Amino acid sequence: LVAGLATQPIDVIKTRMMTQAASNAAPYKSAFDCASSIIRTESWRKLYSGFGQRAVYMGGLWGITFTLEPVVTSYLRNKRDAQ
């Protein structure tokens, strides 16, 4: 979750810069220009747009991982010990 909070603004800036060619808006000069433009025109909260969806995805992924890890580990140990 902390990693998601730290990287979400970077992903938003990356996505904006990648899609600027398809829009009629003036292109950004740099990542800093993109970030400052977003903050100036749309507020700093826009840098975290999509974080809710990302948190749901990461939560589900972690839930599956932490649920299956002991099951798979136990299965592999039993398989190894049977040999």
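Heads up: numbering here begins at 1 and tracks the sequence. Bear in mind the structure is a predicted one, so any value in this text is a computation, not a measurement.
Formation of a donor-acceptor pair under 3.5 Å by the S74 side chain with backbone atoms of P70 is not found in this model. Judged by distance alone, the side chain of T7 and the main-chain N or O of I10 form no donor-acceptor pair under 3.5 Å.
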_Trace of the side chain to side chain contact (heavy atoms under 4.5 Å, CB included) decision for K46 with R16_ = CA-CA 11 Å; K46 197 65 172 176; R16 289 282 182 100; 3.7 Å; yes

*Show your working on side chain to side chain contact (heavy atoms under 4.5 Å, CB included) between V71 and Y75 and close with a plain yes or no.*
CA-CA 6 Å; V71 173; Y75 170 78; 5.6 Å; no

*Q8 and I13: side chain to side chain contact (heavy atoms under 4.5 Å, CB included), yes or no, with the steps?*
CA-CA 9 Å; Q8 185 67 26; I13 292 166; over 6 Å; no

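When only modelled atom types and interatomic distance are considered, T73 and E69 share a side-chain donor-acceptor pair under 3.5 Å.
The structure places CD1 of I39 at 5.0 Å from CG of L47, a figure rounded to the nearest 0.5 Å. To the nearest 0.5 Å, atom CH2 of residue W62 and atom OH of residue Y57 are 11.0 Å apart. Rounding to the nearest 0.5 angstrom, the gap separating the CD1 atom in I38 from the OG atom in S49 is 8.0 Å.
Considering every non-hydrogen atom in both Y28 and D33, the closest pair reads CA-OD2, 3.4 Å. In terms of heavy-atom proximity, S37 sits nearest to T41 at O-OG1, 2.7 Å.
Under the 4.5 Å side-chain heavy-atom criterion for Ile, Leu, Val, Met, Phe, Trp and Tyr, V56 and L61 are members of distinct hydrophobic clusters. Hydrophobic clustering of Ile, Leu, Val, Met, Phe, Trp and Tyr side chains at less than 4.5 Å, counting indirect connections, unites M17 with W44.
Side chains of P9 and V12 form no contact here, defined as non-hydrogen atoms less than 4.5 Å apart.
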